[in-house]
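Data block below; observations after.
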Number of protein chains: 2
Amino acid sequence: MPRTARRRASISDVARLAGVSVGTVSNVLNRPERVSAATRERVQTAIAELSFVPNGSARQLRVGTITTVGAVVLDISNPFFTDLARGIEARLDQDDYTLMVASSDEDPEREARYLRLYEQHGVQGIMVVPATDEIDHLVALAERGVGIVLLDRPSPVESLSSVAVDDVHGGALAVRHLLEQGHERIAFLNGPHTIHQCADRYEGAVQAVEAAGLDPAVVLEELTVSLNADGGDAGTRQLIDRDDRPTAVFCVNDLVALGSLRTLRRAGLSVPDDLAVVGYDDVTFAAELATPLTSVRQPTHELGVRAADLLLRGSDAEPQHVVFQPALVVRESSAR
Amino acid sequence: MPRTARRRASISDVARLAGVSVGTVSNVLNRPERVSAATRERVQTAIAELSFVPNGSARQLRVGTITTVGAVVLDISNPFFTDLARGIEARLDQDDYTLMVASSDEDPEREARYLRLYEQHGVQGIMVVPATDEIDHLVALAERGVGIVLLDRPSPVESLSSVAVDDVHGGALAVRHLLEQGHERIAFLNGPHTIHQCADRYEGAVQAVEAAGLDPAVVLEELTVSLNADGGDAGTRQLIDRDDRPTAVFCVNDLVALGSLRTLRRAGLSVPDDLAVVGYDDVTFAAELATPLTSVRQPTHELGVRAADLLLRGSDAEPQHVVFQPALVVRESSAR
DNA sequence: TCAGCGTATTGAATCGTTTCATCGTGCGCG
DNA sequence: CGCGCACGATGAAACGATTCAATACGCTGA
């Protein structure tokens, strides 16, 4: 069979074959009850015959709307963000919306690229975990009528809806716990403060130290690492090669903590005796690691559901700011 | 500021404001070198003034093509599939293509829905991990000119490109290893055989038993579970509540294995002494679990890269069938 | 027989781009 | 002085659907 590069069948091809007008074909597609059984039958045969699939761009150009929403997360490899996506999807499914997910990899360029892509394709709204503190472009998007919900961080402006978890509190929970365990030198493997969650968790850490009447400059040491297991490896290697090694590590997420635990194990150090470790997110595998990981749990799924909820209210509904509270889950990695 | 529901600015609004024709605006957008510096300047000011964003649907309707490809995977929560997606993205980035990912959750309905969505929006091609063995709809898609690459399973038909890992061999590797460890009663926590990978891994398991001169009906016991940690929990609970408990469990993926290990730990059973466990995929956390997990490693990232490679050759290139080989990584969960 | 009505179908306008044949204009050159 | 040539800019057609006012066609009842 020769590979004929034939054009996709259009609605008028169908109309011609069925011997009706394009309007009728469109009616068969969208309001079948308006067309007589006989014609409907004939049109449907023609559709099958040509294996016609309506052109989504044409449809969307005409009707102007689409039941798709986009999401941009920081890192699709991080279970936290896929759980979040699942929460979003769960809510969207109820209204027959579909979700497109993209990963910015914490790169503002990539974030902008996907935002542009989504806007150009006229999605109903976008949920985004911003890669930086700079959100003017999001405000601009919203002003152009695109529904925007800030994910996993509170909105700095009134006009943008947001769904967040109190990261300051989360950071404080983790560090207060380590202080209570008697640690007085704590390393914080964190990401860049341009990422809001990182800045907030650090602030919480500082507050916890101060609340205990100690000096953050002495107790707390921050290392900037990349937000994955490799980052945990790298940061931890730096720590253990020194004589004034801290006694505890607080990792900004569980992936970093995974890398940290991995490196400690390879170096033959024991957790929590030589070094206590606390993670963040409480992902599925956290409880099942060689040393079960103490972690700050977030209502991840609920976060997604709520965000989708806000988005589906439409872009002209009153902006709303939801903040959930995190909880500490203590396991062996920080206490016996 | 009153919330004016004003229409999105179009190219003709820009033209009017800049005092030029729409054709010129389009040229500024797409071939700036063809328009004089003065006009270009004027048009760009108008664009900024109206914060004009071109309508992607209209553009695509006209040019007919788009630099986006879609992927449908079985489960976005499974690190195996996100690693796969990362591989795809890595290759697509080189050609400035963008990737949209969706999760079928092993539901043929959902799969079909996303395929339709992608086709309607005229994506350049689709990579899909089929949820069932029935792939006629994919062949039909390909015949309509949509580039299709089967992911993670060999194509049963010549005309569809595919990138796969030898699952029969992988299943055999796992079970042969368990037999060598002296196990003679092995449970296989598997998914439904309608999922090709599941069927193949089972076939490999049977082959390994036969190659050892044993009877699969005696040695092997298959339990069908859902392909996540909860499935592992459920399947394992069934096993341990019996007196004729097997001595080893082969889990069809690492998520199932995670659930299995979790349940065994809670039941106070020791791994591998009471029960040996082998997983599949060798995800990041496999080596760091309470009992480091023996697993079958796949070249996941490479799989994605290669699939994207095939897709980018265009839909009329000669179909190709790539098969990678898996490797067994032995850890404590199956041997001391 | 015909007015009147309801139902099924039609056909043209429309959405916002891109593309391309056409048109003006200013300039160099014979 | 006038011809031809570049170069910029123009404007209309085309992409493929949806929508809606207009029309065609039977039928019923007076």
Side-chain angles (χ1 to χ4, degrees), chain A residues 6-44 46-47 50-68 116-117 119-123 144-146, chain B residues 5-44 46-47 50-67 116-117 119-123 144-146:
Chain A
R6 78 185 155 242
R7 198 175 43 83
R8 240 171 99 161
S10 84
I11 202 173
S12 64
D13 296 325
V14 175
R16 200 170 319 121
L17 181 60
V20 298
S21 77
V22 294
T24 302
V25 178
S26 176
N27 279 334
V28 170
L29 258 27
N30 303 301
R31 336 238 231 330
E33 74 284 0
R34 289 214 192 154
V35 17
S36 73
T39 340
R40 200 188 315 149
E41 182 81 9
R42 213 142 31 90
V43 170
Q44 262 150 359
I47 288 178
L50 298 170
S51 55
F52 161 75
V53 176
N55 181 319
S57 306
R59 157 170 238 287
Q60 193 189 328
L61 172 60
R62 184 59 235 260
V63 309
T65 182
I66 189 186
T67 60
T68 297
R116 204 175 323 122
L117 190 73
E119 182 181 16
Q120 287 185 354
H121 284 77
V123 297
R144 270 177 256 144
V146 183
Chain B
R6 81 186 151 239
R7 196 176 45 83
R8 238 172 100 162
S10 83
I11 203 174
S12 65
D13 297 326
V14 175
R16 199 170 320 120
L17 181 59
V20 298
S21 76
V22 293
T24 302
V25 177
S26 176
N27 279 335
V28 170
L29 256 28
N30 302 300
R31 335 236 232 329
E33 74 284 359
R34 289 214 192 155
V35 18
S36 73
T39 340
R40 202 188 313 150
E41 182 81 8
R42 212 142 34 91
V43 170
Q44 263 150 0
I47 288 179
L50 299 170
S51 56
F52 161 74
V53 176
N55 180 319
S57 306
R59 156 169 241 286
Q60 193 188 328
L61 172 59
R62 184 58 235 256
V63 308
T65 182
I66 188 185
T67 60
R116 204 177 322 121
L117 190 72
E119 181 181 17
Q120 288 184 353
H121 283 77
V123 297
R144 270 176 255 143
V146 183

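Quick note on labels: first sequence line is chain A, next is B, and so on, each numbered from 1.
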* Near DNA chain C, under 4.0 Å by heavy atom, which residues of residues 13-28 of chain B? -> B:Gly23, B:Ser26
* Structure fact -> Which of C:dT17, D:dT18, D:dG16 is nearest the side chain of A:Ser10? It is D:dG16
* Please report, rounded to the nearest Å, how far the P atom of D:dT18 is from the CG atom of A:Leu61. => 11 Å
* To do: State the CZ-OG distance between B:Arg31 and B:Ser26, to the nearest 0.5 angstrom.
  => 6.5 Å
* **Whether A:Arg42 side chain and A:Ala18 backbone form a donor-acceptor pair below 3.5 Å** => yes
* Where each residue is assigned the nucleotide of DNA chain D containing its nearest heavy atom, which of B:Glu33 and B:Ala58 is assigned the position nearer the 5′ end? -> B:Glu33
* Asked: Rounded to the nearest Å, what distance is computed from the CD atom of residue B:Gln120 to the P atom of nucleotide D:dA17?
  -> 10 Å
* To do: Any chance you could measure A:His121, atom NE2, to A:Gln60, atom CD, to the nearest 0.5 Å?
  => 7.5 Å
* **Residue whose closest nucleotide on DNA chain C lies nearer the 5' end, A:Val35 versus B:Val53** => A:Val35
* **C:dT18 phosphate, OP1 or OP2, under 4.0 Å from B:Asn30 side-chain N/O** => yes
* Between the base of C:dT17 and the side chain of B:Arg62, is there any donor-acceptor pair under 3.5 Å? -> no
* Asked: Which one, D:dC15, D:dT18, C:dT18, comes nearest to the side chain of B:Ile11?
  -> C:dT18
* To do: Establish whether the base of C:dT17 is bridged to the side chain of B:Arg59 by a donor-acceptor pair shorter than 3.5 Å.
  => no
* **Whole angstrom value for the distance that separates P of D:dG16 from CG of B:Asn55** => 16 Å
* To do: Give me the one residue out of B:Asn30, B:Thr65, B:Leu29, B:Ile66 that meets side-chain contact (heavy atoms from CB on, under 4.5 Å) with B:Arg59.
  => B:Asn30
* For the pair made of CD1 in B:Ile47 and P in C:dT17, what is the distance, rounded to whole Å? -> 10 Å
* Asked: Which distance, rounded to the nearest 0.5 Å, do you find between the CD of A:Glu119 and the CZ of A:Arg144?
  -> 4.5 Å
* **Distance test, side-chain N/O of B:Ser36 to OP1/OP2 of D:dC7, below 4.0 Å** => no
* To do: To the nearest 0.5 Å, tell me how far A:Glu33 CD sits from A:Arg40 CZ.
  => 8.5 Å
* To do: Would you mind classifying the nucleic acid contact of B:Thr39 as base, sugar-phosphate or nothing, using non-hydrogen atoms under 4.0 angstrom?
  => sugar-phosphate
* Asked: If you look at every strand shown and take non-hydrogen atoms under 4.0 Å, does A:Arg40 touch a base, only sugar-phosphate, or nothing?
  -> nothing
* Rounding to a whole Å, what distance do you find between A:Gln60:CD and C:dT17:P? -> 13 Å
* Asked: Going from OG on B:Ser21 to CG on B:Asn27, what distance comes out if it is rounded to the nearest 0.5 angstrom?
  -> 8.0 Å
* Separation of A:Arg42 atom CZ from C:dA8 atom P, in whole Å? -> 14 Å
